[in-house]
Structures are given as C-alpha cells and as structure tokens.
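Below: the structure, in structure tokens.
Note that this is a predicted model, so its numbers are computed, not measured.
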Amino acid sequence: MEAKEWKEKLLTNKKNGYDLMPAEEREAMDRYCQGYKAFLDAGKTERECVQEGIRLAEEKGFRPYVRGMELKSGDKVYLDNRGKMLMLAVIGQKSLAEGAQITAAHIDSPRLDLKPSPLYEESEMAYLKTHYYGGIRKYQWVTIPLELRGIVALKDGKTVKVAIGEGDEPKLVINDLLPHLGREQSKKTLAEGIGGEQLNLLVGTEPLAGEEKDRVKLAVMKLLYEKYGFTEDDFISAELEAVPATNASDIGLDRSMIGAYGHDDRVCGYAALKALLDLDEVPGKTSVCVLADKEEIGSVGVSGMLTAAFDTFMEDLCDSQNVPVRVCLEKSFCLSADVTAAFDPNFGDVYEKRNASFLNYGVGLCKYTGSGGKGGASDASAELVAYARRIFDENGVIWQMAELGKVDAGGGGTVACYMANRNIDTLDAGVPVLAMHAPFEVVAKLDCYMTYKGMMAVYKN
C-alpha cells in the first residue's frame, strides 16, 4: 500500500460532524433542538424537570409504576421519587436476567437557594439571603436578572408553588460594587471578589405606610402573602431557588449553538428521556432512564444517585419476572450521561488539546473523569469503550473521546462511580459545554442531537 493508504488505514482522522452528518438529518436535528429548548424553559429546577418529564412521558403512553403491578414486554412505566427524581422503563423482550440498558443523568444545576430565614431589611432596602448550591463562580451571578422558583410547604400539609419573575413579571438581582469605588475589590482574586454572604437578592425598596420599623420588609412580605398565602415563618419549610431569568436561545449568526441556563446536565437528561420516549419498537433488553437530583453536591440524599430508590425500582422490576436484582445489574450496561468541557481557545492553556472535546464533533465519550490521578473517577474498561464505539458506529452516531482538561488543571465527577459501585458496567458520555456551571452555558446543536442518537443506540442494543 502507498503511504496515503496506510495513513487512512492506521491513523485517526477527526472530522467536524457537519462533514459527516447526512444533509437529510439537519431537519431532524433542528426539530430535536426546538424540543430541548422548550424543555429547558419549562424546567429551571429539578422539580420542574420531573413535572415536565412526566407530562412528556404520559403523552407517550407511560403510566405510574405501582409496586406489585403486572408487567409484560412493551409496558411503559415511570416512578416519581419525591418530585425530584424520575425513573422510567420500557420492559423489553428478554428477561431482566439478561440485564438492562440504562442511561443515568442528573437534572439539578448550580443555583442560589434561599436560606431558611432569608428576608431582612437594611437601609430601607429589602433582601433575601441565599446559600449557593454546587460549584459556581460567584462573580458570575451578580448584576443579572434572576427568577425565584420552587415550593413552600405549609404546616397544614399544603404545598404552594412559587414562580417569581416569569415572563413580564418583575425580576430580582444581586448588586455589585461600582468600579469607581472598587479599587480594593479589584485587588482580590476572582474567587474572593464576591463573597457567599454578599449573594443577597434585592427584592424591594417601597415602605409600607403606617409602620416605623422594617417597613420595606413588611411590604415585601405582604405582597408574598397576598399572592401565595405564606408568612415569614413558612420560609423555614420552603425550597426556593434563584435561577437566571433567561430563556434558551439560538447562539451565533448561523444558529448552530444553544445558549441557556442548566445545560449541565439537562442537555443529557433530556436526550436520555427523549430517546426512551421515541423508541418505536419494543427493545430487546429492558430500557431504563434515570434522572437524578443532587449530583452537583455529591449525589447524596433520597433523590440523589446514591439513594436506594434506584435499587428499589430495579428490584421491583426484577421481582415482576422473578429475577434476583443482583443478576440483572451484573449483566446491565449504563451510559452515565453528563456533560464534558468543550475546548475553548480563549482559555486553551487549561486543556490538553489532543484529548479535548470540541464543539460539533459529536457526543464525548469519557473513559474516566475525576481529578489528578483519576480521583473519584469510574474508569471504564477497554472492553466497555470498544462496545460503545461499536454501537455508536453501527447507529450513525458521531462521537469523540474527551477529557475534562489538563491532568493537574482541576477535574470533576459524574454519577458513573455510583452506578459502577452497583456492579453495573458504566461509561461516561455527554455533550461538550462552553462556560460550564455559568448562569448561561453554550452547547452545539449537532452535539445535542448526536447525544440523543447515542442514547437511542444504547436502548436498542
């Protein structure tokens, strides 16, 4: 063979996804991304993602799972775990003794939670104190419009849904120091420039007539009571989250990207969900989709991936076929669907370019995540990576290998290690993201669509 032929046969030749994707798929990609943007706008909190996921699932014939119900091949069921975690399954043709095909993503995102006693007044300005959730860069959350979403649980057992700042409603904001007086602040590092206790939401300045002390605070509380019916004491049993008051939008003159809050990890969560809903035939093995909470703070709690809720759900499915759950799990495959860092030439020094993921090169496969010496990673086997390569190639999925960045530049984790700890063969894969964990992140439409196709390939194989 000539050198050119040897080169084609032996060497890697990475190509932009637009050079590989058939032209006829463009319409399907755009249609998928329109649905994804609608999902983002409807689900700015983990609770809202569960609600929207259930709505979409029921439209496709899924029904709530009730323990002990009879299940047969082709049945579609879902389980809502406390309104914050959603698990869905399509029962396959084969016995669960042969394992299941699982995708696992998370639907929580970095944000600002209200403290249990948040409302106060200072210098006739009313504020709500927050406690940031997940790995945020605090300076990014000041001077941007914010919404307040969540629930207030009252002592009588009622739950009040709160949504402040939607549409044309007034927005909230966290102020920053003006540059004219910011000389000392500017000497601080990015991490120190804005402190956690300075992330206070400005919510009002108009005093309530007839009162002498905390008049603005009282006026704000009066507005909340008139609209939602709760008092200051009820903040104690509330889950209220400040999130960016922006909708998902196309980015770039060519509209090739999507900018939004919450791509990490709703971009993978939606792909996993949508692929399951779009299955056009009964899969060989049972297909399971897990949308978990609390990944950004360690996957802890009753709705995180460490919860026994997933094990219980799988055990219930297995019991319906008289299969020991341990037998099912040891023969199962899980695609841990979480985002990875897209190469950004503006900050190229923190990436190892030969092993970085790039926009428009498809879904990123990550053999391992973690930090430093792979600390906290789930290091998938070579055989598992080969399996993913095979099913992706056989199903026309454009993909790339990816690492989060240079070995000693930082790092991060996913739910993969928690699935692998259950004796499930697990591999990480997800969409490359620019400005991950920022209030406004950016992804490429092609990568979003290829991640969806990758999830479909998992369910069908």
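- Side chain of Lys171 to backbone of Glu169: a donor-acceptor contact under 3.5 angstrom is found.
- Tyr133 and Glu241 are not linked by any side-chain donor-acceptor pair at a separation below 3.5 angstrom, with hydrogens and angles left out of the test.
- Distance alone, capped at 3.5 Å, places no donor-acceptor pair between the Glu441 side chain and the Leu434 backbone.
- Within the 3.5 Å criterion, the main-chain N or O of Met1 finds a donor-acceptor partner in the side chain of Trp6.
- Atom CG of Asp254 has more than 12 neighbouring heavy atoms from other residues, nucleotides or ligands inside a 6.0 Å radius.
- With contacts defined as side-chain heavy-atom distances shorter than 4.5 Å, the pair Val363/Asp447 does not qualify.
- Applying the salt bridge (Lys or Arg N to Asp or Glu O under 4.0 Å) test to pairs two or more places apart or on separate chains, those with a residue in residues 41-54 are Lys44-Glu147, Glu46-Arg111, Arg47-Glu239, Glu48-Arg149, Glu52-Arg55.
- Counting only distance, with no hydrogens or angles, the side chain of Glu8 and the backbone of Glu5 share no donor-acceptor pair below 3.5 Å.
- Side-chain atoms of Asp338 never come within 3.5 Å of backbone atoms of Thr414 as a donor-acceptor pair (strictly under, hydrogens ignored).
- Taking the charged nitrogens against the carboxylate oxygens, Lys7 and Glu2 have no contact shorter than 4.0 Å, which rules out a salt bridge.
- Side-chain contact of Asp293 with His106: a donor-acceptor pair under 3.5 Å is absent, judged by distance alone.
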>> Using salt bridge (Lys or Arg N to Asp or Glu O under 4.0 Å), reason through Asp280 and Lys460 one step at a time and then give a plain yes or no.
In response: CA-CA 10 Å; Asp280 54 6; Lys460 288 186 175 182; 3.7 Å; yes

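- By the 4.5 Å heavy-atom criterion applied to side chains, Tyr36 and His263 are counted as neighbours.
- In this structure, Phe333 and Tyr387 have perpendicular ring planes: the angle between them is above 60°, well past the 30° mark.
- Looking only at side-chain heavy atoms (C-beta outward), Val397 and Asp393 stay at 4.5 Å or farther from each other.
- The salt bridge (Lys or Arg N to Asp or Glu O under 4.0 Å) analysis of residues 348-360, with sequence neighbours excluded, yields no pairs.
- Of the possible donor and acceptor atoms, one in the side chain of Thr286 sits under 3.5 Å from a partner among the backbone N and O of Gly92.
- In this structure, the side chains of Val290 and Val288 come closer than 4.5 Å at one or more pairs of heavy atoms.
- Side-chain atoms of Thr130 do not come within 3.5 Å of backbone N or O of Leu201 as any donor-acceptor pair.
- Between Asp278 and Lys274 there is a salt bridge, since a side-chain N of the basic residue sits under 4.0 Å from a carboxylate O of the acidic one.
- In Asn346, the CG atom is crowded: over 12 heavy atoms of neighbouring residues, nucleotides or ligands sit closer than 6.0 Å.
- Counting only N and O atoms by type, the side chains of Thr103 and Tyr459 include a donor and acceptor under 3.5 Å apart.
- No side-chain donor from either of Thr312 and Glu315 sits under 3.5 Å from a side-chain acceptor of the other.
- Taking the six-membered ring wherever Trp is involved, the centroid distance between the rings of Phe440 and Tyr261 does not fall below 6.0 Å.
- Remark: the backbone N or O of Ala420 is not paired with any side-chain donor or acceptor of Asn423 at under 3.5 angstrom.
- A cation-pi arrangement is present between Lys374 and Tyr368 under the rule of less than 6.0 angstrom and at most 45 degrees off the ring axis.
- The main-chain N or O of Val415 is never found under 3.5 Å from a side-chain atom of Glu295 such that the two would form a donor-acceptor pair.
- Residues Asp176 and Thr143 bring no donor and acceptor atom of their side chains to less than 3.5 Å of each other.
- Side-chain atoms of Ser109 and Asp264 include no donor-acceptor pair closer than 3.5 Å.
- Looking at Glu403 and Tyr351, their side chains never bring a donor and an acceptor atom within 3.5 Å of each other.
- Here the side chains of Lys406 and Val350 are not in contact, with every heavy-atom distance at 4.5 Å or above.
- With respect to Lys294 and Asp108, no salt bridge is recorded, no charged nitrogen being found less than 4.0 Å from a carboxylate O.
- Lys188 and Gln185 are not linked by any side-chain donor-acceptor pair at a separation below 3.5 angstrom, with hydrogens and angles left out of the test.
- Minimum interatomic distance between Leu273 and Leu291 (heavy atoms only, all atoms of both residues): CB-CD1, 4.3 Å.
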> Yes or no on salt bridge (Lys or Arg N to Asp or Glu O under 4.0 Å) for Asp30 and Arg255, after CA distance, side-chain angles and deciding distance?
Replying inline: CA-CA 10 Å; Asp30 291 338; Arg255 295 181 176 269; over 6 Å; no

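- For NZ of Lys9, the number of neighbouring non-hydrogen atoms (other residues, nucleotides, ligands) closer than 6.0 Å is 12 at most.
- Using a cutoff of 4.0 Å between basic side-chain nitrogens and carboxylate oxygens, Glu27 and Arg31 are scored as salt-bridged.
- Taking the side chain as every heavy atom from C-beta outward, Ile107 and Thr45 never approach each other to under 4.5 Å.
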>> Does Asp428 form a salt bridge (Lys or Arg N to Asp or Glu O under 4.0 Å) with Lys367? I'd like the steps, not just the answer.
In response: CA-CA 6 Å; Asp428 273 303; Lys367 187 179 187 296; over 6 Å; no

> Step by step, would you call Tyr32 with Tyr270 a ring pair (Phe, Tyr, Trp, His ring centres under 6.0 Å)?
Replying inline: CA-CA 10 Å; Tyr32 171 80; Tyr270 179 73; 5.4 Å; yes

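- Not one N or O on the side chain of Glu98 forms a donor-acceptor pair closer than 3.5 Å with the backbone of Lys331.
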> Could you walk me through whether Thr189 and Glu192 pass the side chain to side chain donor-acceptor pair (under 3.5 Å) check?
Replying inline: CA-CA 5 Å; Thr189 66; Glu192 298 168 338; 3.3 Å; yes

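- Side chains of Arg26 and Tyr18 form a contact here, defined as non-hydrogen atoms less than 4.5 Å apart.
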